[in-house]
Q: 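Below you'll find the structure I mean.
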There are 2 protein chains.
Amino acid sequence: MRSEHGVSLAYGLLKTLGQSIVTGEFDGKTFPTEAELCQHYGASRTVMREAVKMLSAKGLLSSRQRQGTRIEPVDNWNLLDPDVLRWLMERPFSNKIFREFAQMRLAIEPTAAALAAEVQDKRAIAQIRDGLEAMIATSGDQEAGLQADIDFHVAILKASGNPFFWRLKPLINNALQLSIQLTNQISGHTASIAAHEAVLVAIEHGDADAAKQASEAILRDSLKLIETVK
Amino acid sequence: MRSEHGVSLAYGLLKTLGQSIVTGEFDGKTFPTEAELCQHYGASRTVMREAVKMLSAKGLLSSRQRQGTRIEPVDNWNLLDPDVLRWLMERPFSNKIFREFAQMRLAIEPTAAALAAEVQDKRAIAQIRDGLEAMIATSGDQEAGLQADIDFHVAILKASGNPFFWRLKPLINNALQLSIQLTNQISGHTASIAAHEAVLVAIEHGDADAAKQASEAILRDSLKLIETVK
DNA sequence: GTGGCAATTTTATATGACAAATTTCACACG
DNA sequence: CGTGTGAAATTTGTCATATAAAATTGCCAC
């Protein structure tokens, strides 16, 4: 999806610069001027400015005439932007942010599951079931199993009917895809098919409380797993 | 904060175009080409492209050579970007999104309050108290009272120690500031000072469960208020 | 030393030119 | 009549250069 993002110079610079910023490559130094950036990366001012503007839109940079471009305080970075979160999670020693993200999921997904039980969006619920069945079917294949796990969780967000929950899809996608590097295992999904099924059944039965409990159980487990990683 | 965003041409176009997109001004029509946009808004290609790139960074647009620029499906809009959410809430008939946002707060803030009770960040807790006291002190002044209410809630997010929660600050700021237009009243904060105090006290006592319950009570009330608006 | 003016630095904007990608269209050929 | 092939057209992507505007720095007069 959106493969063109990788190819154009502007999007390439977006990624390169974004990663450099979050990994702290510019810490201490003053951020380069446009001219220096162009020189360093061999790009024209046009594309460099477009990249800087995109990073500004994500809260990482800000520019002012005569003063130059600065890296914004981390508090202003838009953590909830898929690119930003991905860059943060890709860098070494990212345990902390994985843990914090898991904690946020723990706040959101059980509520989403409860809502899904109330809303009863049949099509979306069918997608949750598809995810679960794919998890079962792919219990051998790690790669496909992870994707099925992801599909299951994001389908619940969709079934909640709330677009704010649904919008976490790309974040969860990134986080779970990358979490393997951290835990060296597929978030234990094969072990927890029963737990996942409990969520689905509760949603299908319209039992909001049970759905919430079951979802919470899954996430507490995965949070526990992440917390074992030092 | 960031006053320059209002003045420069690029940021002006960002806002104008962003609002036009979310209010559906381009629905049905094909999105204009760069040349047409420049013509229409009297801007140079340089700034127009920078504005389009920023909107692309927020998920509203995407461009491809020869094919032109298109508005992305709503599902791809980054709802969790402060600008995008603000544009959506500013448009007429935005009840739905206010309700959905309140629902998300209901998932997050009680968890944040519980975490705050556990973490015991003294400085952040002091800010929660500051917010509450400002709410009491400003019970006459609507404007200041709202700001105090906002400060109270975002201070809890900060006290949770989780940057994902903390990142909701600008969203909540926007939402509460704008909610007056919707409900024609200051989210009933004067009436609920006791409820707010209950949250603070629970956090100070390190009682996570009580903090969660009390926070949930406040948010259920404000959600109820929003739901009365047709 | 102090106020103000001038020089300097850096981003902001404008314009023109060409490159690259992708669709459209016409034409030749079977 | 279909079909593929290549040329033309369209639109964004990239580059280079010039000028404007803002804000800092420094100098100079008083």
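Here the structure is a predicted model, which is why all the values come from computation and not from measurement.
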Q: Taking 4.0 Å as the cut-off, does a side-chain nitrogen or oxygen of A:T46 come that near to OP1 or OP2 on D:dA16?
A: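 For A:T46, the contact criterion (side-chain N or O under 4.0 Å from OP1 or OP2 of D:dA16) is not met.
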Q: Run through A:I21, A:L60, A:L55 and flag the one making a side-chain contact (heavy atoms from CB on, under 4.5 Å) with A:V84.
A: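 With A:V84 as partner, A:I21, A:L60, A:L55 yield a single side-chain contact (heavy atoms from CB on, under 4.5 Å), made by A:L60.
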Q: Whole angstrom is fine here: how far is it from OH in A:Y41 over to C1' in D:dT14?
A: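 It works out to 19 Å between those atoms.
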Q: Tell me: CD of A:E50 to C1' of C:dT11, nearest whole Å?
A: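 Atom CD in A:E50 sits about 15 Å away from atom C1' in C:dT11.
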Q: Taking CG from B:L14 and C1' from C:dT13, how many angstroms apart are they, rounded to a whole number?
A: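 Atom-to-atom, B:L14 to C:dT13, this comes out as 17 Å.
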Q: Rounding to a whole Å, what distance do you find between B:L9:CG and D:dA20:P?
A: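 That distance rounds to 15 Å.
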Q: Any side-chain N or O of B:K53 under 4.0 Å from OP1/OP2 of D:dT12?
A: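 Checking B:K53 against D:dT12: no side-chain N or O falls below 4.0 Å of OP1 or OP2.
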Q: By nearest atom, which of the nucleotides C:dA12, D:dT11, C:dT13 is closest to the B:R66 side chain?
A: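 My answer, after comparing the listed nucleotides, is D:dT11.
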Q: Nearest to the side chain of B:R49 - D:dG13, D:dC15, C:dT11?
A: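 Looking only at side-chain atoms, B:R49 lies closest to D:dG13.
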Q: Pick the nucleotide of DNA chain D nearest each of A:G42 and A:Q67; which residue has the one closer to the 5' end?
A: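 Upstream on the strand: A:G42.
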Q: side-chain contact (heavy atoms from CB on, under 4.5 Å) between B:L171 and B:L80: does it pass, once the steps are laid out?
A: CA-CA 7 Å; B:L171 306 185; B:L80 300 165; 4.1 Å; yes
Q: Test for a donor-acceptor pair under 3.5 Å between the base of C:dA20 and the side chain of B:R64, counting only N and O atoms.
A: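 Checked by distance alone, the answer is no.
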Q: In whole angstroms, how far is the P atom of C:dA14 from the CD atom of B:E34?
A: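 About 14 Å, once rounded to whole Å.
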Q: Is there a donor-acceptor contact under 3.5 Å from the side chain of B:Q120 to the main chain of B:I203?
A: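 Flag set: sc B:Q120 to bb B:I203 pair under 3.5 Å.
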Q: Does B:Q65 contact C:dA20 through a side-chain donor or acceptor facing the base, at a distance under 3.5 Å?
A: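 Yes, a donor-acceptor pair under 3.5 Å.
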Q: Round to the nearest Å and state the distance from B:R45 atom CZ to D:dT10 atom C1'.
A: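 After rounding, the gap between these two atoms is 12 Å.
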Q: Whole-Å distance between D:dT11 P and B:F31 CZ?
A: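 My rounded result for the distance is 14 Å.
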Q: Do B:E72 and B:S62 get their side chains close enough for a donor-acceptor pair, meaning under 3.5 Å?
A: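 Yes.
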Q: Rounded to whole Å, how long is the line connecting atom CG of B:L37 with atom P of D:dG13?
A: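 Checked: the CG to P distance equals 13 Å.
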Q: How many angstroms lie between NZ in B:K169 and CG in B:D151, if you round to the nearest 0.5 Å?
A: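 Reported value, rounded in 0.5 Å steps: 7.5 Å.
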